[in-house]
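Input: a single structure, listed below in structure tokens.
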Protein chains: 2
Amino acid sequence: MATLREVAELAAVSVATASRVLNGSAHPVSRDIRESVQSAAQTLGYTPSAAAQALKQQRSKIIGVIASDILDPYFAELTRGIEIEAAKAGFVTILANANRDPEQERTKFRVLREHQASGIVFCGSDIEGSPGTAELAREVNLAVRAGTRVVALAPRGFDSTKIVIDNHAASYELTRYMLSLGHRRIAFVGGMPGLTAVEQRVIGYRRAMFEAQALPMVLGNAGMRQESGREAVAHLIAAGELPEAIVCANDEIAVGVLAGLWTSGYRIPDDVSVAGIGGTRGGAVFGLTTVTLPLVELGGLAAAYIADAGRSPKIPEAPQFELRPGTTTAAKDTSGSSRSYGRSTL
Amino acid sequence: MATLREVAELAAVSVATASRVLNGSAHPVSRDIRESVQSAAQTLGYTPSAAAQALKQQRSKIIGVIASDILDPYFAELTRGIEIEAAKAGFVTILANANRDPEQERTKFRVLREHQASGIVFCGSDIEGSPGTAELAREVNLAVRAGTRVVALAPRGFDSTKIVIDNHAASYELTRYMLSLGHRRIAFVGGMPGLTAVEQRVIGYRRAMFEAQALPMVLGNAGMRQESGREAVAHLIAAGELPEAIVCANDEIAVGVLAGLWTSGYRIPDDVSVAGIGGTRGGAVFGLTTVTLPLVELGGLAAAYIADAGRSPKIPEAPQFELRPGTTTAAKDTSGSSRSYGRSTL
DNA sequence: AGTTTAATGGATAACGTTTGCCACTGTATC
DNA sequence: GATACAGTGGCAAACGTTATCCATTAAACT
């Protein structure tokens with residue numbers, strides 16, 4: 001790997017000048033010298049050492065991402081958004097999986113700091129009462145006070161910048177939509193208990209049901225994965241009657257619910273209407289009714305905010321979610337009577 | 001952030017000694033001094049500067065990952081495997097999306113080298129005839145010769161270490177399995193044309209069909225995503241008769257095929273048997289017949305190989321794939337006559 | 001002519017580590 | 001008693017950059 005000094009020597013200038021030419025500097029350099037340095041760099045295949053730059057400038061162009069589960073499209077899309085925007089700004093993204101475990105999050109957080117990350121993005125929400133949460137919060141708060149940009153893309157108990165979707169409203173609107181189709185027996189399949197974002201979604205669901213004087217039914221306390229949805233359906237089927245509609249805490253669970261229903265011979269949406277939250281790519285192909293959270297955009301916002309440090313300190317607004325109706329059907333008995341959104345088929 | 005010098009001062013020793021205590025060194029340090037340094041580090045909250053270490057040692061504990069599409073579970077699982085194993089070895093994973101574009105791959109590759117990554121993992125295969133492939137290969141070969149560990153987890157035209165699954169055999173075995181169920185009219189829904197890994201799978205399929213004297217039918221030349229599978233099915237349905245079985249180039253496409261069939265009212269596996277390749281989490285919930293590629297393990301192997309540089313130079317074997325029968329059914333007309341694997345339902 | 005000013009380039013001191021080399025102990029060996 | 005040697009610790013030179021000062025020149029003012 002060619003160094004700046006070698007380039008400087010070849011171009012017969014000082015390292016200072018070479019540095020000024022090759023990496024942005026306000027210091028003026030005459031046109032011919034600039035060109036000779038550039039050609040020297042070209043022939044030598046010069047690549048700046050990020051390590052040296054980071055050491056010198058006390059911060060590297062690194063954005064750390066702490067995700068709960070990269071296999072969940074929710075986090076994959078977030079990560080993707082971060083990566084794209086980061087790359088635009090010349091930043092690089094370090095990915096860390098933490099499996100929703102505060103201890104692991106803390107470890108990863110520390111590693112990210114060792115690497116002088118300019119900013120760190122927490123993608124998932126925290127879990128109420130999970131051991132290690134307090135220690136994590138303390139450490140994060142320390143880092144924030146020390147100037148590291150920390151962004152949380154979900155509800156979190158520490159003092160970071162927060163860019164979060166209104167989970168409560170998303171779930172509320174979605175449930176209202178299902179109600180507006182005439183359904184009354186709507187179940188909510190929620191994933192991990194304690195996960196703040198999920199709890200908020202449960203609350204939104206309950207409120208909508210309460211307002212409609214419909215009986216809420218929340219079940220499922222496994223994970224946030226497809227398998228969890230499938231298990232919940234198996235449970236529902238075993239228990240007897242299926243609800244008219246099922247609202248899921250996220251798209252993955254919803255897809256699992258679809259799989260469970262389909263493989264058990266039920267027809268969607270004729271027998272049951274299913275909805276998810278997230279708007280991830282995985283649900284789209286099934287025509288899943290969902291609330292699209294602009295995840296890629298959300299991640300991009302976080303990355304841009306971090307990359308822009310120094311300059312604009314204004315915290316970006318969280319983008320709006322949007323209801324995306326899929327293949328749901330109006331309730332059979334009240335069909336036509338209620339304000340119907342119609343049945344949209346693919 | 002506390003520095004080594006501060007720790008040394010507090011412990012009343014030299015930086016050298018502090019360094020030796022805090023970061024592994026063969027140089028012996030007496031027990032009491034070691035302890036006082038450790039406690040000093042503790043109280044100061046010392047965190048080593050990865051940048052300084054990288055600069056000094058000319059290589060940082062970074063593994064770069066160049067993925068085609070992090071939203072595809074195939075790459076997500078690979079990435080996950082890499083990340084887990086990397087973390088175990090104290091390495092950190094930089095994620096770069098390159099969208100199967102050699103130009104982007106080259107850019108990302110360069111950025112990764114700037115960050116002195118100890119190794120770089122290419123997750124996806126290359127695309128024959130894609131512009132920029134030659135330049136990428138040249139650059140990679142240069143890096144390899146310069147000592148950077150480059151690992152390809154799919155067929156690639158450059159001189160990197162390769163740990164690749166036998167795509168040809170995977171597809172061949174899978175097709176043979178479908179044939180063994182008595183199916184004759186088996187279509188192959190292949191994704192992107194030119195993608196080496198896919199081409200190999202097509203060949204495996206063709207060979208199995210040839211050997212069975214069945215008529216091959218390859219269609220679909222969109223992407224590798226669920227949507228592509230759905231489109232292919234729409235095409236098949238519009239064209240008239242559906243095949244008895246559909247083998248897909250990957251699980252994502254297969255899931256899309258399932259979605260297309262289900263939402264069009266077909267029953268799986270009674271009407272059509274569907275199979276994918278990959279064994280990703282996404283297919284599991286549907287009981288998809290697939291060839292499980294040990295992706296997490298594969299990624300882990302790459303990471304371990306890179307992290308182990310210096311020591312063991314032996315290139316790991318690619319792990320074996322395995323056929324995972326799901327909800328497929330024997331052909332109706334020959335049911336019972338052929339060596340039947342039976343119908344496995346979930 | 002004297003003086004400010006802008007434009008340009010060079011030296012050089014950091015940034016926080018690691019490590020090769022030397023120095024100083026004791027203790028064992030001849 | 002001289003020599004060797006293992007055990008410890010410190011000094012100081014890197015690693016590749018950037019940024020702060022200076023130095024030089026030339027142009028543009030009084």
Side-chain angles (χ1 to χ4, degrees), chain A residues 1-38 40-41 44-62 90 111 113-118 146-147 310, chain B residues 1-38 40-41 44-62 90 111 113-118 146-147 310:
Chain A
M1 296 268 272
T3 97
L4 206 49
R5 228 193 56 198
E6 296 174 299
V7 173
E9 274 169 14
L10 180 56
V13 297
S14 70
V15 263
T17 307
S19 168
R20 295 198 261 250
V21 170
L22 265 13
N23 311 312
S25 163
H27 203 89
V29 175
S30 69
R31 174 163 295 284
D32 46 352
I33 287 212
R34 171 175 301 270
E35 278 168 5
S36 84
V37 168
Q38 271 160 348
L44 255 43
Y46 169 72
T47 311
S49 155
Q53 292 179 324
L55 178 59
K56 183 61 187 152
Q57 315 182 143
Q58 298 293 57
R59 68 182 204 105
S60 67
K61 287 170 157 287
I62 289 178
V111 172
R113 295 207 69 206
E114 283 179 21
H115 282 265
Q116 332 263 43
S118 296
Chain B
M1 297 269 271
T3 99
L4 207 49
R5 229 194 53 200
E6 298 173 301
V7 173
E9 274 168 14
L10 180 56
V13 297
S14 70
V15 263
T17 306
S19 168
R20 294 196 261 249
V21 171
L22 265 13
N23 313 312
S25 164
H27 202 90
V29 175
S30 67
R31 174 164 295 284
D32 45 352
I33 288 213
R34 172 176 300 273
E35 277 168 5
S36 84
V37 167
Q38 271 161 348
L44 255 43
Y46 169 72
T47 311
S49 155
Q53 292 179 324
L55 178 58
K56 184 61 188 152
Q57 316 183 141
Q58 297 293 60
R59 71 184 202 103
S60 66
K61 287 171 158 287
I62 288 178
V111 172
R113 294 206 70 210
E114 283 179 19
H115 283 265
Q116 330 263 42
S118 297

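Here the structure is a predicted model, which means the values were calculated and not measured.
Using a 4.0 Å cutoff to heavy atoms of chain A, the contacted part of DNA chain D runs 5' to 3' from D:dG16 to D:dT20. Here the range on DNA chain C touched by chain A, meaning any atom under 4.0 Å from one of its heavy atoms, is C:dT8 to C:dG16.
Where A:H27 and B:P28 meet DNA chain D, the nucleotide closest to each residue was compared, and B:P28 sits on the side nearer the 5' end. Nearest-nucleotide positions on DNA chain C for B:Y46 and B:R20 put B:Y46 closer to the 5' end. The residue among B:S30 and B:Q58 whose nearest nucleotide of DNA chain D lies closer to the 5′ end is B:S30.
Residues passing the side-chain contact (heavy atoms from CB on, under 4.5 Å) test with B:V29 are B:T17, B:R20, B:V21, B:I33, B:R34, sequence neighbours excluded.
Residue contacts shown for B:S60 are absent, as no nucleic acid heavy atom lies under 4.0 Å away. Residue contacts for B:S19: at a heavy-atom cut-off of 4.0 Å it reaches a base atom on one of the strands shown.
Note on the helix from C:dA1-D:dT30 to C:dC30-D:dG1: terminal axis deviation equals 50°, with five pairs used at each end and the result rounded to 10°.
Across all their heavy atoms, A:L22 and A:Q38 have their closest contact at CD1-CG, 4.3 Å. Between A:T47 and B:E114 the shortest heavy-atom distance is CG2-CG, 3.1 Å. Scanning both residues, A:R113 and A:A146, for their nearest heavy atoms gives NH2-CB, 4.1 Å. In this structure, A:S118 and A:R59 approach most closely via the heavy-atom pair OG-NH1, 3.2 Å. Annotation for A:A18 and A:V37: closest pair CA-CG1, 4.0 Å, computed over non-hydrogen atoms. Looking at every heavy atom in both residues, A:A40 comes nearest to A:A11 through CB-CB, 3.9 Å.
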Side-chain donor-acceptor contacts of residues 48-57 of chain A below 3.5 Å, not counting sequence neighbours, with atom names and distances?
unit_1, atom_1, unit_2, atom_2, d
A:S49, OG, A:A51, N, 3.4
A:S49, OG, A:A52, N, 3.0
A:S49, OG, B:Q116, NE2, 3.1

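A donor-acceptor contact shorter than 3.5 Å links the side chain of B:E6 to the backbone of B:T3. No donor-acceptor pair under 3.5 Å is formed between the side chain of A:S25 and the backbone N or O of A:S19.
Contacts of residues 6-16 of chain A with DNA chain D (heavy atom under 4.0 Å): A:A16.
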